[in-house]
Amino acid sequence: MARLILPELDNPVFDCRLDIRISDINYGGHLGNDAALRFAHEVRLRFLQSIDCTEMDIYGAGIIMSDAAVIYRNEAFHGDTLVFSLGITDFSRCGCDFIYQARRLSDNAAILHIKTGIVFFDYQQRKATAVPAAFAAQFRQQQEGIAT
């Protein structure tokens, strides 16, 4: 079976810490697969807040997630603190990819590597819309800091 390969982040645009809660743990006693996308969502919301935006208003456009990929590198457990880094890459006319990497704070072990495809969306017209120029201008140059 072919394995997913996601780009590594050299120059993230945002970092934050999140603690693993008991609700993030599965019956195997470690971080559950359903929690990975919840973490990505939380990191995305915090990033957008840091630039005075929301998922419904990024310089006048909303966003929707078109696809997602998750790679698990190591187990993580209740009480672990994860340090997430976020980068933005692969700009197109209507979207881009958000790349997330998570490391455990206590030992720097790689835990998660996630990609979410983001499409800019006009919720009033119910259709995709162009990447806002201000967002592209602010973050397109960050692509140079993401190695494939």
For the CG atom of Asn11 and the OG atom of Ser85, what is their distance to the nearest 0.5 Å?
10.5 Å

Minimum heavy-atom separation for Ala110 to Asn74, with atom names?
O-ND2, 2.8 Å

Between the CD atom in Gln49 and the SG atom in Cys16, the distance rounded to the nearest 0.5 Å is 10.0 Å

Between Phe135 and Phe139, how do the two ring planes meet: parallel, tilted or perpendicular, split at 30° and 60°?
tilted

Mind checking whether Arg17 and Leu105 have side chains closer than 4.5 Å, heavy atoms only?
yes

Determine yes or no for a side-chain-to-main-chain donor-acceptor pair under 3.5 angstrom, with Tyr100 supplying the side chain and Leu37 the backbone.
no

If I take atom CG from residue Asp122 and atom SG from residue Cys94, how far apart are they, to the nearest 0.5 angstrom?
11.0 Å

How far does CD1 of Ile25 sit from CG of Leu31, to the nearest 0.5 angstrom?
6.0 Å

Could you please spell out the steps behind the salt bridge (charged side-chain N to carboxylate O under 4.0 Å, His left out) verdict for Asp80 and Arg104?
CA-CA 7 Å; Asp80 283 348; Arg104 187 174 22 244; 3.1 Å; yes

Of all heavy-atom pairs linking Thr129 and Ala61, the shortest is CG2-CB, 3.9 Å

Please report the closest heavy-atom contact between Tyr72 and Ala36, naming both atoms and the distance.
OH-CB, 3.8 Å

Side chain of His113, backbone of Pro7: donor and acceptor closer than 3.5 Å?
yes

In terms of hydrophobic clustering (I, L, V, M, F, W, Y; side-chain heavy atoms under 4.5 Å; direct or indirect links), are Met56 and Ile64 co-clustered?
yes

Go through the steps for Ile71 and Leu112 under the test side chain to side chain contact (heavy atoms under 4.5 Å, CB included), then give the verdict.
CA-CA 6 Å; Ile71 297 172; Leu112 293 170; over 6 Å; no

Do Leu18 and Phe84 have side-chain heavy atoms sitting under 4.5 Å apart?
yes

Test side chain to side chain contact (heavy atoms under 4.5 Å, CB included) on Ile51 and Phe14 and set out the steps.
CA-CA 10 Å; Ile51 61 169; Phe14 182 75; over 6 Å; no

For the backbone of Asn108 and the side chain of Arg103, can you confirm whether one donor and one acceptor N or O come within less than 3.5 Å of each other?
yes

I'd like to know if Asp97 pairs up with Lys115 as an ion pair, taking the criterion as any Lys NZ or Arg NE/NH1/NH2 lying under 4.0 Å from an Asp or Glu carboxylate oxygen.
yes

So Cys96 and Phe91, do their side chains get closer than 4.5 Å, heavy atoms only?
yes

Calculate, to the nearest 0.5 Å, the distance between atoms CG and CG belonging to Leu48 and Asp57 respectively.
10.0 Å

State, yes or no, whether a side-chain contact exists between His41 and Met65 at a heavy-atom distance under 4.5 Å.
no

Taking the side chain as C-beta and beyond, is there a heavy-atom pair between Ile118 and Arg44 under 4.5 Å?
yes

Linking I/L/V/M/F/W/Y whenever their side-chain heavy atoms sit closer than 4.5 Å, directly or via other members, would Val131 and Tyr59 fall into one cluster?
yes

Decide whether Leu86 and Val70 are clustered together by the hydrophobic rule: side chain heavy atoms of Ile, Leu, Val, Met, Phe, Trp, Tyr closer than 4.5 Å, transitively.
yes

With side chain to side chain contact (heavy atoms under 4.5 Å, CB included) as the test, would you mind laying out the steps for Ile99 and Ile114 before giving the verdict?
CA-CA 6 Å; Ile99 305 294; Ile114 303 169; over 6 Å; no

Going from CZ on Arg140 to CG on Asp90, what distance comes out if it is rounded to the nearest 0.5 angstrom?
10.5 Å

Return the set of residues passing side-chain hydrogen bond (donor to acceptor under 3.5 Å, both in side chains) with Asp24 (not counting sequence neighbours), or none when no residue passes.
Arg21, Arg38

Honestly curious: do Ile20 and Val83 fall in one hydrophobic cluster under the side-chain, below-4.5 Å linking rule?
no

Would you call the rings of Phe47 and Phe98 parallel, tilted or perpendicular, where under 30° means parallel and over 60° means perpendicular?
perpendicular

Is atom CD1 of Ile5 surrounded by more than 12 heavy atoms (other residues, nucleotides or ligands) closer than 6.0 Å?
no

Can you list the steps and then say if Phe120 with Ile58 is a side chain to side chain contact (heavy atoms under 4.5 Å, CB included)?
CA-CA 9 Å; Phe120 286 84; Ile58 299 175; 4.0 Å; yes

